[in-house]
Number of protein chains: 2
Amino acid sequence: MTYSEENYIKVIYHLSLVSPKGINTNAIAGMIESKASSVTDMLKKLADKELVNYQKYQGVTLTQKGLHAAKMIVRKHRLWEVFLVEKLDFTWDEVHDLAEELEHIKSEKLINRLDEYLGFPKEDPHGDPIPDRYGQLVKVDKQLLSEILPSKKVICLGVKDSSPSFLKYLDKHQIALGSEIEVVNKESFDHSLSILINNRQILISNKIASNLYVKLI
Amino acid sequence: MTYSEENYIKVIYHLSLVSPKGINTNAIAGMIESKASSVTDMLKKLADKELVNYQKYQGVTLTQKGLHAAKMIVRKHRLWEVFLVEKLDFTWDEVHDLAEELEHIKSEKLINRLDEYLGFPKEDPHGDPIPDRYGQLVKVDKQLLSEILPSKKVICLGVKDSSPSFLKYLDKHQIALGSEIEVVNKESFDHSLSILINNRQILISNKIASNLYVKLI
DNA sequence: AATAATTTTTAGTTTTGTCTAAATTTATTT
DNA sequence: AAATAAATTTAGACAAAACTAAAAATTATT
């Protein structure tokens with residue numbers, strides 16, 4: 001698989017997780033920052049290689065082969081992210097672009113050794129699950145903080161939006177993976193929340209709360 | 001710089017170390033496994049970018065800019081090799097091809113962090129020097145084992161040929177970087193050597209001896 | 001010094017992945 | 001159900017990096 005083919009497969013995989021039906025040409029073009037016509041060309045090529053099921057005008061889905069390939073790319077991406085944060089002291093908002101490059105290094109042996117070296121982590125620095133060498137994923141049941149009722153206590157598990165600006169916001173307010181949060185109050189007008197974290201009470205908007213994954217404790 | 005441009009610059013750099021005059025089109029084609037016409041095309045492009053000094057039929061040399069770029073690629077290559085061997089337990093004959101890919105990852109910050117993480121190594125697993133972040137190289141004065149006189153003792157510093165087959169030969173005979181070797185006898189007919197290593201006396205051919213760098217102790 | 005051999009360059013193609021613009025199909029709205 | 005809008009595909013073109021074959025320049029040989 002070429003660099004470009006891998007990027008398409010990965011994007012189709014990510015879109016499939018959100019909407020499990022056929023994926024639109026335009027949706028892919030949006031994610032990959034290319035034009036719909038370029039996407040059509042690539043989909044034909046991927047279909048020839050039996051990585052996707054493609055029928056004109058009907059969108060695409062990944063084949064078994066394509067799904068496995070996608071998981072292996074995601075595995076590499078997330079393991080490299082763990083490496084960068086744990087071993088090289090990068091922050092969680094810096095690692096994505098670097099991992100986008102590193103995920104294309106072609107060596108199963110390398111990635112399995114890296115996995116072992118890192119102690120077989122189950123999640124990346126943003127709380128996203130890391131597929132094992134067979135593509136198996138541990139599904140953690142998680143909710144959005146915005147769905148939690150007042151007086152409940154939760155643990156922070158991950159982020160839905162992993163843009164640097166959001167991650168920097170979280171750092172600034174000392175919200176990290178594993179942080180304990182208590183929902184003190186919910187404002188019915190704008191759905192903002194008062195939360196207790198590290199013994200400090202802060203106010204966060206609904207937009208923040210609906211991008212933070214948590215689980216009840 | 002593209003992946004391909006980086007490979008050309010690197011090859012020109014390596015050839016420059018052996019013959020410091022202008023580098024032939026054909027020599028480059030040989031190393032890069034391409035055709036002379038492809039090389040000519042690329043040399044023009046590199047000259048436009050002021051990475052090489054190129055005049056038709058006269059061969060090329062690296063400009064200051066090109067030399068620095070080449071050293072940074074070599075730096076990445078060798079640091080990744082150290083990482084693979086020291087941290088992920090790869091053997092010294094396995095790492096070259098992987099490092100060929102990893103050397104193209106574009107991030108100064110990453111490579112400087114990796115350098116620090118590895119303890120600022122001065123040499124890669126084959127004994128080749130690693131340029132520092134400014135391109136500075138520590139020159140170790142080394143000789144070929146084939147040039148050493150009988151009864152002299154030396155330390156193994158590196159290899160000239162780093163092909164997997166040669167490295168595997170060395171492993172089999174327990175010759176590693178840092179090994180102490182005593183030249184017992186030299187056969188004048190075929191220039192083979194009797195050497196003492198790890199308290200065992202073995203016979204090695206001139207071809208082996210003239211691919212091993214050592215220094216007197 | 002003239003000719004032969006070698007090396008290098010030029011000219012013209014090919015492949016991969018992209019694009020624009022036009023045509024076609026599907027979806028939406030009146 | 002027809003008309004309009006939106007999404008998708010086709011057709012044709014382009015840039016990067018490679019190639020083949022032929023031409024030009026350099027080097028070696030007689």
Side-chain angles (χ1 to χ4, degrees), chain A residues 1-13 15-16 18-62 66 69-70 73 100-101 103-106, chain B residues 1-13 15-16 18-62 66 69-70 73 100-101 103-106:
Chain A
M1 262 209 273
T2 66
Y3 198 101
S4 191
E5 286 169 358
E6 288 190 341
N7 278 334
Y8 274 90
I9 289 294
K10 185 184 59 170
V11 161
I12 296 167
Y13 173 74
L15 290 169
S16 299
V18 183
S19 73
K21 350 154 204 176
I23 305 303
N24 297 334
T25 301
N26 264 351
I28 299 170
M31 294 278 283
I32 245 150
E33 293 179 43
S34 66
K35 295 297 152 75
S37 57
S38 309
V39 175
T40 302
D41 288 346
M42 183 56 90
L43 294 184
K44 286 180 191 165
K45 200 177 355 155
L46 295 175
D48 285 347
K49 295 196 174 185
E50 298 185 319
L51 291 161
V52 299
N53 305 115
Y54 170 63
Q55 275 170 284
K56 284 191 190 187
Y57 298 104
Q58 304 306 305
V60 275
T61 54
L62 292 172
I73 299 165
E100 288 282 292
E101 278 194 70
E103 74 191 5
H104 298 290
I105 301 292
K106 283 167 196 18
Chain B
M1 263 209 272
T2 66
Y3 197 102
S4 190
E5 286 169 358
E6 289 191 339
N7 278 334
Y8 275 90
I9 289 293
K10 185 184 58 171
V11 161
I12 296 167
Y13 173 74
L15 290 169
S16 299
V18 183
S19 73
K21 351 156 202 175
I23 305 302
N24 297 334
T25 301
N26 264 352
I28 299 170
M31 293 280 281
I32 246 150
E33 292 180 43
S34 66
K35 295 297 155 71
S37 56
S38 310
V39 174
T40 302
D41 288 346
M42 182 57 89
L43 293 184
K44 286 179 190 164
K45 204 185 340 164
L46 294 176
D48 285 347
K49 295 195 175 188
E50 299 185 318
L51 291 162
V52 299
N53 306 113
Y54 170 64
Q55 275 171 284
K56 282 191 190 188
Y57 298 103
Q58 304 307 305
V60 276
T61 55
L62 292 172
I73 299 165
E100 289 283 293
E101 277 193 71
E103 74 191 5
H104 298 290
I105 300 293
K106 283 168 195 14

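Chain letters run A, B, ... following the sequence lines, proteins first and then strands; every chain starts at 1.
- In this structure, B:N7 and B:E103 have side chains that are in contact, with non-hydrogen atoms separated by less than 4.5 Å.
- D:dA7 atom C1' lies 12 Å from atom CD of A:Q58, rounded to whole Å.
- Comparing D:dA18, D:dT9, C:dT9 by their closest approach to the side chain of B:Y54 singles out C:dT9.
- The minimum heavy-atom distance between B:N26 and B:A36, with the atom names listed, is OD1-CB, 3.6 Å.
- When the nucleotides C:dT8, D:dC19, D:dT9 are ranked by their closest atom to the side chain of B:S37, D:dC19 comes out on top.
- Surrounding CD of A:E50 are at most 12 heavy atoms belonging to other residues, nucleotides or ligands under 6.0 Å away.
- Here the P atom of nucleotide D:dA24 and the CD atom of B:Q55 are 21 Å apart, to the nearest Å.
- Between the A:Q58 side chain and the A:G22 main chain, no donor and acceptor come within less than 3.5 Å of each other.
- Here C:dT15 presents its P atom at 16 Å from CD of A:E5, a figure rounded to the nearest Å.
- No N or O donor and acceptor, one from the side chain of A:S4 and one from the base of C:dT18, sit under 3.5 Å apart.
- One can place CG of B:L43 at 10 Å from P of C:dT8, the figure rounded to the nearest angstrom.
- Between B:M42 atom CE and C:dT8 atom P the separation is 17 Å, expressed in whole Å.
- Rounded to whole Å, atom C1' of D:dT8 lies 15 Å from atom CD1 of A:I23.
- With D:dT8, D:dT10, C:dT7 as the choices, the nucleotide that has an atom nearest any side-chain atom of B:N26 turns out to be C:dT7.
- Comparing C:dT9, D:dT9, C:dC19 by their closest approach to the side chain of A:K56 singles out D:dT9.
- Residue B:Y57 places its side chain closer to D:dT26 than to any other of D:dT26, D:dA18, C:dC19.
- Look at B:S38 and you won't find any side-chain N or O under 4.0 angstrom from OP1 or OP2 of D:dA18.
- Contact check, B:N24 against C:dT7: no side-chain N or O comes under 4.0 Å of OP1 or OP2.
- Contact annotation: the side chain of A:L46 never approaches that of A:V60 to less than 4.5 Å [non-hydrogen atoms, C-beta and beyond].
- Comparing C:dT10, D:dT26, C:dT18 by their closest approach to the side chain of A:Y8 singles out C:dT18.
- Between the CG atom of B:D41 and the P atom of C:dG12 there is a distance of 14 Å, given to the nearest Å.
- B:K35 has no side-chain polar atom (N or O) that falls below the 4.0 Å cut-off from OP1 or OP2 of D:dA18.
- Heavy atoms of A:T40 sit under 4.0 angstrom from at least one base atom.
- Spacing between atom NZ of A:K21 and atom C1' of C:dA27 amounts to 14 Å, rounded to whole angstrom units.
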